[in-house]
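Index from 1, following the sequence.
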Amino acid sequence: MTSTGPTGPTAPPPPGVARLLRPYAGGFAIVVVLQVIGAVAGLAPLLAVVELGRTLLAPGPADDGHVRNVVIVGAAGLLVRLLFTAASSGVGHLLDTRVQLSLRRQLAARLGRVPIGWLARRRNGELAKLVGEDVSAVHPLIAHTPGELVSAFVVPLVSLGYLLTVDWRLTLITLIPVLLAVALVPLMMTPARLREQKEFDAAMGRISASVVEFVQGIAVVKAFGGAERAHGTFRTAVGDFTRSFYRMVRGLAGVAAGMQVALSPPFVLLAVLVGGAYRITGGGLAPADLLPFLLLGLGLTAPVAALGHGFDDLQTARRAVGRIRDVLAEPSLPEPVRPVAPEGHRVELRDVRFGYEGRFGYEDAEAGREVLRGIDLVLEPGTITAVVGPSGSGKSTLVQLLPRFYDPTHGSVLLGGVDLREVGSQELYRRVSFVFQDVRLLRASVADNIALAVPHADRDAVVRAARRASIHDRVLELPRGYDSVIGEDARLSGGEAQRVSIARALLADTPVLVLDEATAFADPQTEQAVREALAQTREKRTTLVIAHRLETIADADTVVMLRDGEIVERGTTAELLARNGAFAEFWKIHAGAMEARAAEADAMEGEEAR
């Protein structure tokens with residue numbers, strides 16, 4: 001059970017890589033055993049060549065039987081290597097698919113349980129990169145690294161054991177290229193290099209996010225002439241990526257080049273030939289004994305070189321695993337141990353305070369600042385409460401407390417006399433539904449989107465809800481009507497998507513309804529129809545709505561004026577206008593803006609008539 005504190009749920013320690021991969025230990029063991037057998041068998045052809053060289057270079061006639069046996073052993077070793085390394089690779093790739101599937105399921109489950117406030121701070125591109133690219137980036141770590149690590153250690157160790165029996169001095173000389181390459185590895189792991197790699201990942205994520213946001217909002221951008229600004233955002237992201245990539249490559253280029261030269265066959269052969277010539281001329285080594293060093297010396301460096309070539313992939317995988325671990329460590333929305341059922345649907349906010357305080361990804365100026373301060377508010381059943389105020393006054397944060405997208409940092413939100421933190425989430429969402437300005441529809445049929453909260457609803461109930469939300473006629477125009485799939489054969493505008501969301505809330509028919517500019521994109525006729533539909537069930541529902549339009553405010557039983565996170569005025573519309581205070585000023589500004597828009601529309605109609 002995740003605990004809660006004064007600032008919210010306490011995060012569990014991040015799961016380590018070993019913990020993430022522990023369920024697959026048996027599969028990794030099979031990969032390693034197969035690779036060990038294949039790697040050792042792969043030395044047989046090289047040793048066969050060495051033995052053939054010694055046999056053929058020895059004085060006197062060669063033993064045909066011995067030569068034949070050496071060739072057979074070498075060929076058998078090659079066959080065993082091919083079979084076992086192929087089996088190891090196959091098992092590794094099957095294991096990789098299982099691990100990726102498990103990670104995506106774990107991420108999906110965790111993202112389904114984290115507070116929605118945490119999700120709200122993440123861009124679509126960032127989450128898509130996490131579940132897609134970051135999980136895929138783990139592939140080298142699972143499918144290739146175990147085998148490469150085995151080859152990198154087993155082959156050199158077996159080769160060294162053999163070479164030491166031939167000449168230990170020349171063995172040390174043969175190791176010089178490997179030691180030089182290994183000595184350069186720490187230079188690739190300095191704090192500066194790690195910081196550059198982290199900046200590169202962040203820049204890559206910003207590119208993904210900017211592309212997703214531009215594509216999703218391209219219609220709005222084109223309609224309002226903001227293409228240059230939108231392109232500018234993308235160009236900025238590309239510029240940041242280019243600079244971070246250049247810094248990373250510049251820092252690694254010299255080290256990578258040095259490792260590549262040290263492990264290159266010409267350099268290895270040069271070291272062996274110089275050392276071998278010295279030993280042979282000094283009488284310490286027979287000329288035929290130089291052959292195993294020339295062949296196995298290359299075998300010493302090849303696995304290490306393979307690891308060097310895959311270093312970038314391993315680093316990418318390591319950072320991806322780190323981001324996956326961070327998300328899996330995010331605390332779930334705390335669930336009560338013993339849930340309590342509310343009695344009625346009276347809503348009460350008692351001395352509610354809320355500040356992000358570095359949570360939910362807020363690391364900017366908003367962190368540590370209280371968005372809501374000392375909110376006391378009662379929403380009686382059968383009433384509509386409208387929340388108004390300037391941008392940044394805390395309206396959206398206030399209404400998001402009711403569906404428990406956030407928990408207050410101080411005070412409590414009660415439903416039917418019960419703190420929301422004591423109500424189970426399933427019970428809560430049977431009682432509270434919400435429609436927000438930013439509507440997200442699933443890639444499913446229109447009927448399934450409407451019936452999301454009531455999956456057992458029949459088609460007649462879905463159609464009735466759609467009619468009340470003034471979306472029925474538009475749905476019938478789609479290729480397959482209610483069976484049309486959003487994103488495939490159904491393309492809906494922002495206002496139409498809002499009406500689908502409203503139909504969903506009407507079908508759910510919960511006793512508490514939260515509306516955050518739910519008709520912001522609707523035309524006046526549609527908004528009027530939706531308001532009338534909501535009014536039909538007004539008496540049995542508690543409604544909290546963020547309102548900017550005067551008609552919505554006029555319908556409210558209580559109007560709450562927010563400023564800088566505090567309630568500065570409350571009462572009926574008539575009472576607040578009579579006070580001639582903050583609300584009256586707000587009303588006048590909006591009334592003047594509406595009159596100006598109406599005059600502009602009349603003028604445009606007159607121009608068209610002429």
Side-chain angles (χ1 to χ4, degrees), residues 1-2 9-32 34-35 88-150 194 197-198 200-209 211-212 307 310-335 360-361 425 440 442-444:
M1 180 69 184
T2 304
T10 302
V17 176
R19 180 180 168 189
L20 286 175
L21 303 181
R22 189 178 302 159
Y24 310 97
F28 283 111
I30 294 174
V31 170
V32 169
L34 292 173
Q35 188 67 33
S88 175
S89 177
V91 173
H93 281 80
L94 288 175
L95 187 62
D96 172 58
T97 59
R98 291 177 57 198
V99 171
Q100 289 197 37
L101 176 61
S102 175
L103 289 177
R104 287 194 170 97
R105 284 176 171 172
Q106 291 182 59
L107 286 170
R110 177 58 59 183
L111 292 174
R113 293 194 299 268
V114 297
I116 296 182
W118 183 89
L119 289 172
R121 292 293 292 174
R122 266 69 190 172
R123 296 178 174 181
N124 292 340
E126 182 181 350
L127 295 177
K129 181 178 182 296
L130 174 74
V131 180
E133 295 179 20
D134 283 349
V135 174
S136 297
V138 179
H139 169 79
L141 187 66
I142 308 299
H144 299 291
T145 300
E148 291 174 355
L149 282 176
V150 168
L194 295 177
Q197 292 162 9
K198 186 176 181 180
F200 171 80
D201 286 338
M204 193 68 184
R206 287 193 292 272
I207 284 184
S208 299
V211 169
V212 171
L307 281 180
F311 184 79
D312 289 341
D313 288 338
L314 291 177
Q315 287 292 89
T316 301
R318 181 185 63 81
R319 297 192 298 273
V321 169
R323 290 188 291 272
I324 293 171
R325 289 171 54 228
D326 290 342
V327 172
L328 293 179
E330 280 295 325
S332 303
L333 185 70
E335 289 285 340
F360 311 111
S425 58
R440 302 293 174 87
L442 302 180
R443 196 177 186 86

**Q.** Straight-line distance of Y24 OH to D96 CG, nearest 0.5 Å
**A.** 10.5 Å
Q: Can you measure from OG1 (T97) to NE2 (H139) and round to the nearest 0.5 angstrom?
A: 10.5 Å
Q | Working for side chain to side chain contact (heavy atoms under 4.5 Å, CB included), residues V138 and I324 | A | CA-CA 10 Å; V138 179; I324 293 171; 4.1 Å; yes
Q. So, do L101 and R105 sit near enough that their side-chain heavy atoms are less than 4.5 Å apart?
A. yes
(Q) Could you walk me through whether R98 and L95 satisfy the side chain to side chain contact (heavy atoms under 4.5 Å, CB included) test, starting with their C-alpha distance in whole Å, then the side-chain angles of each, then the deciding distance to 0.1 Å, before giving a yes or no? (A) CA-CA 5 Å; R98 291 177 57 198; L95 187 62; 4.3 Å; yes
Q | Test side chain to side chain contact (heavy atoms under 4.5 Å, CB included) applied to L111 and V131, step by step | A | CA-CA 10 Å; L111 292 174; V131 180; 4.2 Å; yes
Q | Minimum heavy-atom distance V327-R110, with the two atoms named | A | O-CG, 3.2 Å
Q.
Can you give me the closest heavy-atom contact between S88 and V31, atom names plus distance?
A. OG-O, 3.1 Å
Q) For the atom pair CG (D134) and CD (Q100), what is the distance rounded to the nearest 0.5 Å? A) 11.0 Å
